[in-house]
Number of protein chains: 2
Amino acid sequence: MAVRPQICEACSIKDLTFCSALHGDEHDQLRQLLTHAHYDPHTTIFHEAEDADYVFNVTSGSVKLYKLLGDGRRQITGFLFAGDFLGLALNANYSYTAEAIEPVTACRFPRQKLEKLFDKFPHLEKRMLGMAVDELAAAQDQMLLLGRKTAKEKVASFLLMLARRQEHRGESSETINVPMSRSDIADYLGLTIETVSRTLTQLRKEAMITLKDNRHIEAVGLDMLEDLAEGL
Amino acid sequence: MAVRPQICEACSIKDLTFCSALHGDEHDQLRQLLTHAHYDPHTTIFHEAEDADYVFNVTSGSVKLYKLLGDGRRQITGFLFAGDFLGLALNANYSYTAEAIEPVTACRFPRQKLEKLFDKFPHLEKRMLGMAVDELAAAQDQMLLLGRKTAKEKVASFLLMLARRQEHRGESSETINVPMSRSDIADYLGLTIETVSRTLTQLRKEAMITLKDNRHIEAVGLDMLEDLAEGL
DNA sequence: CGCGACTTTGACCCTGATCAAAATCCGTGG
DNA sequence: CCACGGATTTTGATCAGGGTCAAAGTCGCG
């Protein structure tokens with residue numbers, strides 16, 4: 001948990017990801033595969049239903065993943081930050097759209113070649129499976145949030161998630177960075193921007209958070225947010 | 001898609017699952033691992049946060065998976081039927097509770113031993129990864145449902161899901177089997193039992209479905225349900 | 001400094017929740 | 001086979017959390 005993440009010298013992937021399991025030879029082969037990619041804000045990294053030819057490893061910036069309904073309603077299924085893995089679709093197509101929020105740098109791997117490397121180094125595949133299982137658990141938490149939590153609980157859970165992941169990346173969780181817009185938050189929590197805004201001011205008035213500016217929030221105490229988030 | 005599922009003679013696992021990738025020697029080793037288990041309705045197969053010592057393969061019956069909030073609010077994260085895999089938690093603990101709805105039979109594998117087998121037969125692990133990725137895509141669809149669909153769209157999506165999986169198992173999708181209670185449906189869709197009930201009668205009045213009895217529904221046409229479910 | 005985009009706040013509304021009661025289902029025992 | 005009783009489901013009446021529409025306030029970049 002308290003492991004300080006480090007940039008892997010060979011491929012500049014944070015060692016939070018599967019890359020850190022590699023050594024020497026393996027690492028070199030992985031490095032030969034990848035190309036470095038850069039995406040500006042509001043740029044699409046890939047589209048839902050597009051051929052899943054690449055997988056990515058975010059090295060900086062932030063990304064949102066989303067799905068759309070026929071009439072344009074949007075559900076953001078997740079946010080990615082430095083160290084997160086992207087495009088874990090071993091099937092033919094991506095199941096969501098990925099779009100940069102802040103300027104993003106990422107390592108891009110051709111999926112086919114990466115899979116061949118899996119055959120050579122099975123523990124790489126093991127690591128991939130572990131990541132998929134973690135994501136699955138996170139997805140189930142999010143279902144609980146979307147299906148059963150109140151607006152206030154949703155927002156508290158969201159802030160807590162940001163704080164925890166910030167910590168996990170080795171950044172201070174003193175002030176919470178909120179790179180995404182209110183609209184993104186709303187579509188992530190199954191709310192409207194108005195409700196997100198109102199709920200944040202409510203939390204502020206109840207002295208649970210301080211709004212430093214639109215993109216920076218300070219939590220007075222994470223424990224209060226935790227209790228809220230768990231429905232206690 | 002139209003593959004007729006068959007019970008694998010060796011271990012009685014439906015060939016819809018990873019077991020069908022095995023042959024001869026591999027199959028024997030897998031068979032030695034498993035024990036057959038049976039669970040009565042309303043029986044818990046495992047609890048959230050329990051040590052994840054086993055993984056399961058459902059061979060008959062139906063299962064619900066759920067998570068709880070501190071005050072008892074419940075979110076059902078999925079239903080499992082014959083051929084479905086259960087307990088895909090490679091971490092130490094299960095991330096949800098699994099409970100039998102109808103009488104369940106399942107093959108039970110000790111996780112540690114199964115993982116050792118993975119080292120011997122890497123394509124088994126590949127298959128596992130594939131299943132995890134599929135589940136992940138399903139989880140994202142469910143997030144879209146929970147966060148952005150109306151009650152009517154949720155119920156339509158639910159019926160469609162049941163019909164499709166029934167078909168996938170090789171059963172007729174003429175009449176949809178609904179083994180779970182209204183309360184289970186509600187907790188799966190993020191609604192209340194009253195809303196589920198009202199929505200079903202509404203769909204009946206609009207002649208989209210016929211309620212044969214509480215556990216059997218006939219869809220007049222799946223295309224209408226599909227349009228509803230996709231928000232068109 | 002000015003303009004467009006984003007966010008907040010306010011007033012009102014609607015979908016789905018809650019509370020309550022009637023109807024139906026289903027297992028049990030006479 | 002039917003009568004009973006608890007559990008589940010349906011239906012009805014009312015309520016409220018969060019959505020919608022509208023306007024004012026901020027932010028941020030040129």
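In what follows, every chain begins at residue 1, and chains take the letters A, B, ... in the order their sequences are listed.
Nucleotides of DNA chain D nearest to Thr150(A) and Arg182(B) differ in position, and the one nearer the 5' end is that of Arg182(B).
Arg148(A) places its CZ atom 13 Å from the C1' atom of dT18(C), with the value rounded to the nearest Å. Summarising the geometry, the separation between CZ on Arg204(B) and P on dT9(D) is reported as 15 Å, rounded to the nearest angstrom. Put simply, CD on Gln202(B) is 14 Å from C1' on dT10(D), counting in whole angstrom units. Here dT9(C) presents its C1' atom at 12 Å from CD1 of Ile193(A), a figure rounded to the nearest Å. Rounded to whole Å, the distance from CG on Leu200(A) to P on dC6(C) is 17 Å. With rounding to whole Å, Leu211(A) atom CG is found 9 Å from dT9(C) atom P. Here the P atom of nucleotide dA17(C) and the CZ atom of Arg73(B) are 13 Å apart, to the nearest Å. Protein atom CG of Asp187(A) is 13 Å distant from nucleotide atom P of dC6(C), rounded to whole Å.
Here dT9(C) is the nucleotide among dG16(C), dT9(C), dG18(D) with the atom lying nearest to any side-chain atom of Ser197(A). Taking every side-chain heavy atom of Thr192(A) into account, dT20(D) is the closest of dT8(C), dT20(D), dT11(D).
In summary, the aromatic rings of Tyr54(A) and Phe46(A) are positioned with their centroids too far apart to meet the 6.0 Å limit.
Contact check, Ser183(B) against dT8(D): no side-chain N or O comes under 4.0 Å of OP1 or OP2. The side chain of Thr195(A) contributes an N or O atom lying less than 4.0 Å from OP1 or OP2 of dG19(D).
Glu218(A) and Thr210(A) share no side-chain donor-acceptor pair at under 3.5 Å.
Between the side chain of Thr105(B) and the main chain of Ser60(B), a donor-acceptor pair closer than 3.5 Å is present. Distance alone, capped at 3.5 Å, is enough to place a donor-acceptor pair between the Gln166(A) side chain and the Thr175(A) backbone.
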Quick one: which protein N/O atoms are closer than 3.5 Å to N/O atoms of nucleotides 21-30 of chain D? Pair and distance per line, please.
| from | atom 1 | to | atom 2 | distance (Å) |
| --- | --- | --- | --- | --- |
| dC21(D) | N4 | Glu194(A) | OE2 | 3.0 |

